[in-house]
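The next block holds one structure in the form of structure tokens; read it before the comments.
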Amino acid sequence: MIRFVLLLSRQGKVRLAKWYTTISQKERAKITKEVATVVLARPAKLCNFVDWKDQKIVYKRYASLYFIAGVDQEDNELLTLEIIHEFVEVLDKYFGNVCELDLIFNFHKAYFILDELLLAGELQETSKKAVSRCIEAQDQLVEQVKAGSVTETEFASFSGPRG
Amino acid sequence: MDLANKVAAMAKRTLPVSGVFDELIRGIGESKSKSEEDAIVGKLIELSKQKIREGRREPRSQKELLVYLIYIEMLGHDTAWAQATAIQLCSDKNLAVKKLAYLTVSLLLDPASELSIMVVATIQADLRSDNFLTVCTALSAICHIASPELVSVFLPQVTALLRHDRDLVKKRALLAMQRFIQVDPGVAPDLERHLIDKIGYKEPSVMIASLCGLRELIRRDPAPYRNLVHYFTNILKQAAEGKLGRAYEYHRAPAPFVQLELLRLLGLLGAGDRASSENMYAVLAEVKRRAEPLGNNIGNALVYECIKTLTTIHPSPVLVAGAAESVSRFLGARENNLKYAGIDALTRLVLIDPKHAQDHQLAVVDCLRSPDVTLKRKTLQLLYKMAGPSNIEVIAAEVLVFLREGGDEVARGDAARSLCDLAERYAPDHRWFVDTMNELFEAAGEVVPASLADNLTRLIAEGTGEEDEGADRELRAGAVEAYLELLDRPKLPHVLLKVICWVVGEYGCLSALSTDSVMDKLAAIPETQASDDEVRGWAVSALGKLAAQSGRALTSDASALVSSAAAAESVQLQQRALEVQALLGMSAATQRAALPYDAAAEDVGVDADLPFLDSFVQQALQNGAAPHLSLDDRTAMGMTRDDGGGLGPLPHASALKFQAYATAPAPQPRPAMPPPAPAAAAAAGGMDGPSDLDVGGLSLSQPAGGAAAPAPAIAAMPAAQNSAPAAALPSAGGPQLILNKPGRKWGGPAVAAEPSPRSGGASSSVSSPAQPYATSGSASHSAAASPSPAAAPPPAVDAAKQRLAASLFGGGGSTSTAPGLRGRRSPAKPAGASKPAVAAPDLLGGMDVSAEAGAAAPAGAAAPPTASDMDLLMGLGASVPSTATASNTAAPLLDPMAALAGLGGMQQQQRQQQQQQQPGLVALADLMGNGAAVAAGPNMQQQAGAGLGFGDFLADTAPRQQPSQQQQPAAPLMGGPSKAPPAAKKDPFADLLG
């Protein structure tokens with residue numbers, strides 16, 4: 001199973017962190033730090049896997065973001081790479097050309113999408129379309145609740161970072 | 001685009017938060033230092049706390065707060081102060097707030113936290129909700145907070161949700177069940193039926209969710225689920241044919257994630273079960289055939305998983321051959337990811353049939369030389385599986401190179417352990433073993449397990465085990481020379497320094513150098529090496545031994561070291577130095593009795609009752625001392641204590657509460673001991689007041705104050721006895737120096753096991769188990785000689801690489817062409833051919849026993865722990881405090897006991913401890929060695945089988961140049977958009993999905 005998913009910027013800043021095993025907060029901070037050192041130090045063109053302690057780290061760099069997953073020893077690394085890729089594809093579909101800024105300012109959405117994709121460390125939905133559908137449904141529901149309370153001017157002020 | 005869509009699109013990219021937060025995030029993005037960032041987070045925390053205080057009820061404000069919390073947590077700051085608020089918000093009516101609150105809780109809350117109980121009621125209420133999204137959210141939350149106590153709370157509701165009319169809910173309920181099984185395997189029987197029910201469900205995503213749960217069950221015990229194999233193969237076939245629908249297609253592969261899940265299940269079910277395995281062959285071949293032409297990453301992932309599966313199940317020759325082809329495609333790829341998968345797959349294939357490795361030797365050597373540590377490490381794992389007597393020297397050299405390069409501590413530790421394991425199993429001779437171990441200590445001393453040092457010293461102390469004193473002497477002298485030479489180098493690791501001190505101390509007189517210069521070298525250790533008190537202690541003891549055995553005085557340097565150590569802060573070091581000084585002041589006979597030459601491996605019987613003290617005890621009792629109460633007696637009387645260090649209560653005992661410091665070694669008061677002080681006082685001859693109690697009493701109060709003082713020394717002995725069988729059994733992973741076999745050869749039993757049925761083709765010519773070395777050596781020699789002209793290598797291939805490959809995969813013949821690989825070894829001594837001259841006599845000797853056993857049961861002689869083995873274990877356990885206790889308990893007894901009350905007494909006791917440590921090292925190693933040998937039976941057979949197959953030399957040395965099938969378009973990397981102005985948003989995305 002997948003033990004954690006981490007999104008790190010090139011500078012090692014955490015953009016998203018999701019843990020599927022029961023470990024303490026302190027331990028999480030430690031792992032984040034160590035994994036960041038290991039992954040960020042690896043030159044390009046090497047393989048996307050690192051044996052690390054009792055687990056394997058599978059990572060892939062998309063533009064300035066590192067998508068990192070810690071998996072069990074017996075897991076299929078190539079497959080994990082594809083799960084990461086699927087996550088990126090869904091993000092891309094949802095945000096329509098995703099970039100790091102989307103994840104910085106909308107990290108809770110990224111968490112929701114990840115939750116639709118992975119549950120308890122297992123791939124819960126293998127169909128990209130189904131994931132997107134589910135997220136859209138939730139968004140619509142939220143919009144219905146919001147309807148009327150949100151005005152165009154407010155949107156303008158919120159969308160500042162994206163221009 | 002109509003307005004509604006536009007608004008929806010914008011909504012995706014808007015935050016539910018204010019511009020303040022926006023600014024703070026920007027600030028963090030731009031902050032240069034950690035303190036700057038912390039200051040901003042501090043502001044954020046202040047803001048959140050303010051919000052909590054205000055307690056505004058409108059959704060916007062609440063969402064803002066939750067987003068703040070997630071962000072603060074993500075940056076690694078404490079959020080305990082807000083957890084209760086987040087939990088509270090889970091019960092909010094607004095779904096958006098609720099979802100966000102659940103997410104926050106799952107991120108913030110430590111799963112072990114007691115606060116998670118507080119969410120339970122909210123979740124239960126939400127599970128009953130009419131809105132399926134609320135239910136889904138609650139089910140996700142369950143997966144996060146599930147703990148063994150909570151499983152039974154949620155189980156009924158979750159089970160009921162399997163009848164929900166939404167598939168989405170069913171799916172999540174099934175996944176929650178999987179989580180339940182993970183945290184509490186006890187619920188498995190209740191859930192089994194539900195999971196199996198859903199295998200046939202029409203909606204694929206629900207069906208897949210049930211497979212995840214079943215995997216948990218099957219992983220625990222596959223046997224009851226073998227009847228499901230034909231369901232799984234059916235589904236797999238449909239999935240591979242694309243019948244699950246286009247929605248599940250991913251990069252042209254039909255439902256690949258489903259296929260992978262099923263492949264994994266089949267692997268678990270087919271392992272060790274021939275009938276089920278045979279049912280899978282057809283579908284496995286089909287899946288692989290369809291995945292192969294995809295050529296993209298997901299296709300390769302499928303092929304790789306197919307190989308994993310078909311190597312786990314009962315092997316089918318056809319499939320294995322197909323797998324070998326895929327492996328060569330992987331290894332020939334340009335991408336490192338595929339090479340990695342290829343090496344891993346090859347490692348699996350080699351376990352089935354070692355011949356596969358030969359086809360890929362150059363690719364393997366390439367990977368070994370790759371700058372990518374991951375790949376290198378994986379390749380080393382392959383080498384471990386391939387290792388055998390014929391290529392151990394090359395492999396050991398490779399591992400040492402890897403270790404010298406440094407890197408990750410865990411990786412180095414693994415490599416060091418594997419090397420020890422292999423060296424102990426396949427070492428061609430003792431000298432090689434000692435040399436290799438020395439290099440290992442030097443290269444990776446910090447990651448080598450301490451037990452290995454014990455093994456090495458033990459090996460040197462016991463020698464070859466045969467009655468060949470000359471060979472032993474040669475081995476020891478060689479080791480001493482090597483170590484004295486090593487001492488000239490700077491920065492030796494501690495483990496190695498200790499081994500050096502011990503060996504030189506014990507056998508320094510064998511050196512060509514004079515005893516004086518050996519002493520000087522030892523005395524120089526604290527200056528030339530970065531040593532701590534521990535190493536100095538070893539050096540001091542070694543000097544003491546040298547001086548005692550040779551009958552010479554310490555040199556001036558050496559006595560300077562000893563006297564400085566005698567004034568050291570470390571009590572242990574001081575003690576050792578004082579002992580050495582005291583001992584060297586005694587007569588030569590006493591010295592030799594205390595520290596005899598080459599007696600570390602002798603067995604000495606010890607009577608734990610210490611009968612020689614009986615008369616003294618009688619006297620003390622007559623003088624009014626209280627009779628000794630054993631620990632059991634005291635426990636029975638309710639006067640319990642925790643360790644053996646209890647003396648009479650100290651004068652100030654009542655003033656300070658020692659009770660609280662239960663683990664401290666300091667003397668503990670025994671509240672209810674009837675007349676404690678007189679006991680010790682009487683024992684000490686009533687000499688001094690209570691202030692001297694701890695000195696006088698320590699060595700003398702044996703009968704009265706309890707076995708208190710000698711307890712640490714003596715208690716170790718029965719403990720060792722008791723733990724001997726226990727230690728022997730579970731140490732399978734430990735070092736496996738097999739020295740107590742009649743052969744006393746590391747390779748002995750393993751080699752005997754080699755002609756096992758598994759080794760197949762290559763070694764099938766080996767008929768008599770008694771001569772595997774000779775056979776494989778000559779076979780490989782002749783094989784190497786004849787086909788080599790035919791197999792003219794293509795000019796492009798690096799000659800050095802060829803040689804390495806040849807020595808790795810080939811065996812004797814070609815190694816001689818590569819003498820440079822290990823400079824220290826003489827070129828005239830290649831792995832196979834010339835070795836039998838040296839090794840055969842030993843081996844044959846070692847094999848008379850094992851050959852019979854090997855004939856009867858191919859598992860080899862190593863397997864069953866015979867009665868005599870056990871006796872030996874016990875005997876060694878008993879002899880732990882061997883020489884020391886015996887010799888010096890005998891000697892000082894003659895002295896008047898009164899003399900012991902002072903420092904002399906203390907020294908005697910200290911000496912006991914110290915000397916006990918050294919033989920203890922050896923004895924422990926012995927135990928370990930035996931235990932491992934016993935436990936390693938089946939494992940070793942497999943390894944040996946894998947190892948021998950490389951007897952004959954490959955005909956085909958040409959590299960397989962497979963054109964890389966597919967090439968991932970290198971994603972263009974853009975500068976970090978975090979720095980880019982918002983307007984630049986347009987382009988960075990194209991490259992995100994290269």
Side-chain angles (χ1 to χ4, degrees), chain A residues 9-10 14 17 22 24-25 29 45-51 53 62-64 76 78-79 81-82 86 88-89 92 94-95 97-102 104-109 111 115 119-120 122-127 129-130 134 137-139 141-143 145 155 157-163, chain B residues 8 10-15 19 22 25 67 70 74-76 94-96 100 103 110-112 133 140 143 168 171 175 178-179 205 208-209 212 247-248 255 257-258 260 297-298 300-301 304-305 336-337 340-341 372 374-375 377 410-411 973-974 976-978 982-983 985 988-989 991-993:
Chain A
S9 76
R10 226 168 9 168
V14 182
T22 48
S24 69
Q25 224 73 334
K45 302 228 170 163
L46 300 189
C47 56
N48 299 75
F49 324 124
V50 186
D51 287 299
K53 304 211 167 151
Y62 289 92
S64 60
N76 184 329
L78 295 176
L79 177 79
L81 214 50
E82 284 310 295
E86 188 171 7
V88 176
E89 281 185 356
D92 194 61
Y94 178 76
F95 286 109
N97 268 345
V98 67
C99 79
E100 196 178 340
L101 279 183
D102 288 323
I104 293 175
F105 289 105
N106 288 293
F107 49 84
H108 58 294
K109 297 266 172 71
Y111 275 113
D115 275 351
L119 195 61
E122 301 287 346
L123 194 65
Q124 66 151 320
E125 183 53 74
T126 64
S127 156
K129 276 194 194 125
C134 193
Q138 286 173 14
D139 268 2
L141 205 90
V142 173
E143 288 310 310
V145 175
F155 266 127
S157 69
F158 294 154
S159 50
R162 297 194 38 94
Chain B
M10 286 175 85
K12 283 177 187 171
R13 290 209 159 110
T14 47
L15 271 185
D22 186 11
I25 290 192
V67 169
I70 298 179
M74 198 156 73
L75 292 174
N94 185 323
L95 180 65
L100 206 51
L103 176 66
D110 200 321
L133 286 173
S140 293
C143 289
L168 201 63
K171 179 181 79 181
L175 285 167
Q178 179 199 8
R179 185 80 187 140
S205 63
I208 297 162
C212 287
Y248 290 87
F257 297 105
V258 185
L260 276 154
N297 194 25
I298 190 72
N300 290 330
Y304 178 37
E305 192 65 43
N336 274 2
N337 285 352
Y340 176 93
D372 192 337
T374 312
L375 199 52
R377 204 172 149 192
V410 182
L973 302 174
M974 288 289 297
S978 61
K985 164 86 173 89
F989 314 127
D991 53 53
L992 242 143
L993 284 165

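Convention: sequence-line order gives letters A, B, ...; per-chain numbering from 1. The shown structure was predicted, so the numbers you read here are calculated from the model rather than taken from an experiment.
- With hydrogens and angles disregarded, no donor-acceptor distance shorter than 3.5 Å links the side chain of A:N48 to the backbone of B:N337.
- Interface residue B:A341: only side-chain heavy atoms are found under 4.5 Å from chain A.
- Shortest non-hydrogen contact noted between A:F107 and B:I70 is CE1-CG2, 3.6 Å.
- Remark: B:C143 SG to A:L119 CG distance equals 3.5 Å, nearest 0.5 Å.
- Residues A:L78 and B:Y340 form no side-chain contact, since every pair of their non-hydrogen atoms from C-beta on lies 4.5 Å or further apart.
- With contacts defined as side-chain heavy-atom distances shorter than 4.5 Å, the pair B:L75/A:V14 does not qualify.
- Residues meeting the salt bridge (Lys or Arg N to Asp or Glu O under 4.0 Å) test with B:D372, sequence neighbours left out: A:R42.
- Residue B:L103 touches chain A through its side chain alone, counting heavy-atom pairs closer than 4.5 Å.
- Residues B:L100 and A:H108 meet the side-chain proximity criterion, which asks for heavy atoms closer than 4.5 Å.
- Looking at B:F257 and A:L79, their side chains come closer than 4.5 Å, going by heavy atoms from C-beta outward.
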